[in-house]
Amino acid sequence: MTTYYSEDHEWITVEGDTATLGITKHAAEQLGEVVFIEQQDSGEEFEKGGEIGVIESVKAASEIYAPLDGEITAINETLADNPGALNEDPEGAAWIYKIKLSDTSQLEDLMDLDGYKALIG
């Protein structure tokens, strides 16, 4: 299992051709108190850079962009009832999607933890 990070402050943990996606702790802190999350349905296909959801906080609404091409195979349904979980455990229990990757070579465009830490300073 390997974890990657996007410039849009998402983390992606990969096992085989399946990825788990969420927002980073840094992103959750920047958003403030999350009050709503709009998620795509399981089975939706998307391309890298496409909008796959929206997170609303007391400060602003922020789009979730797909870091890779793929198909959503599962959504974390607990977030609909408890969007604040994104503030409590953004890099753990509050994952947003499970995705079947269609092009694993796109992982090369993402950062490792050191690269992400350098990005956020």
### Message
Test your reading of the model: is there a side-chain donor-acceptor pair from Asn76 to the backbone of Thr78, 3.5 Å cut-off?
### Response
yes

### Query
Would you say the side chain of Leu113 lies within less than 4.5 Å of the side chain of Tyr5, judging by non-hydrogen atoms?
yes

### Task
Begin with the C-alpha distance, continue with both residues' side-chain angles, and end with the deciding distance and a verdict on side-chain contact (heavy atoms from CB on, under 4.5 Å) for Lys117 and Met111.
CA-CA 9 Å; Lys117 284 182 178 178; Met111 295 173 274; over 6 Å; no

### Task
Looking only at non-hydrogen atoms, find the nearest pair between Thr20 and Trp11 and report the distance.
O-CZ3, 3.5 Å

### Message
Per the salt bridge (charged side-chain N to carboxylate O under 4.0 Å, His left out) rule, what does the pair list look like for residues 45-66, sequence neighbours excluded?
### Response
Lys48-Asp109

## Note on the structure
Ala19 and Val14 have their tightest heavy-atom pair at CB-CG2, 4.1 Å

### Query
Shared ILVMFWY cluster between Val35 and Ile64, side chains joined below 4.5 angstrom?
no

### Task
Using the side-chain contact (heavy atoms from CB on, under 4.5 Å) rule, take Leu107 and Thr2 through it: C-alpha gap first, then chi angles, then the decisive distance, then the call.
CA-CA 10 Å; Leu107 292 167; Thr2 304; over 6 Å; no

### Message
Using only atom types and a distance under 3.5 Å, with no angle test, would you say the side chain of Ser57 pairs donor to acceptor with the backbone of Leu31?
### Response
yes

### Message
Quick one: does any side-chain atom of Tyr97 pair with a main-chain N or O of Gln40 as donor and acceptor, under 3.5 Å?
### Response
yes

### Query
Do the side-chain N and O atoms of Thr24 and Tyr116 include a donor-acceptor pair separated by under 3.5 angstrom?
yes

### Task
Please examine the side chains of Ile12 and Leu110, heavy atoms only from C-beta on, and report whether any two atoms are closer than 4.5 Å.
yes

#### Entry: CA sep, side-chain torsions, deciding dist, call: Ile37, Leu79, side-chain contact (heavy atoms from CB on, under 4.5 Å)
CA-CA 7 Å; Ile37 181 167; Leu79 297 178; 3.8 Å; yes

### Task
Name all pairs fulfilling the salt bridge (charged side-chain N to carboxylate O under 4.0 Å, His left out) condition that reach into residues 75-102, sequence neighbours left out, sorted by first residue then second.
none

### Query
How far does CG of Leu68 sit from OH of Tyr4, to the nearest 0.5 angstrom?
9.5 Å

### Task
Give a yes or no answer on whether the side chain of Glu71 reaches the backbone of Leu101 with a donor-acceptor pair at less than 3.5 Å.
no

### Message
Less than 3.5 Å apart, any donor N or O on the side chain of Thr13 or Thr3 sitting next to an acceptor on the other?
### Response
yes

### Query
For the hydrophobic clusters of this structure (ILVMFWY residues joined by side-chain heavy atoms under 4.5 Å, transitively), does one cluster hold both Ile23 and Ile75?
yes

### Query
Do you know which two heavy atoms are closest between Asp69 and Ser102, and how far apart they sit?
CB-OG, 3.1 Å

### Task
To the nearest 0.5 angstrom, please state how far the CD1 atom of Ile72 sits from the CD atom of Gln39.
8.5 Å

### Between Asp103 and Ser105, a side-chain donor and acceptor under 3.5 Å
yes

### Task
Enumerate the residue pairs fulfilling salt bridge (charged side-chain N to carboxylate O under 4.0 Å, His left out) with a member in residues 18-38, sequence neighbours excluded, ordered by first and then second residue.
none

### Glu44 side, atom CD; Ile99 side, atom CD1 - distance, nearest 0.5 Å
12.0 Å

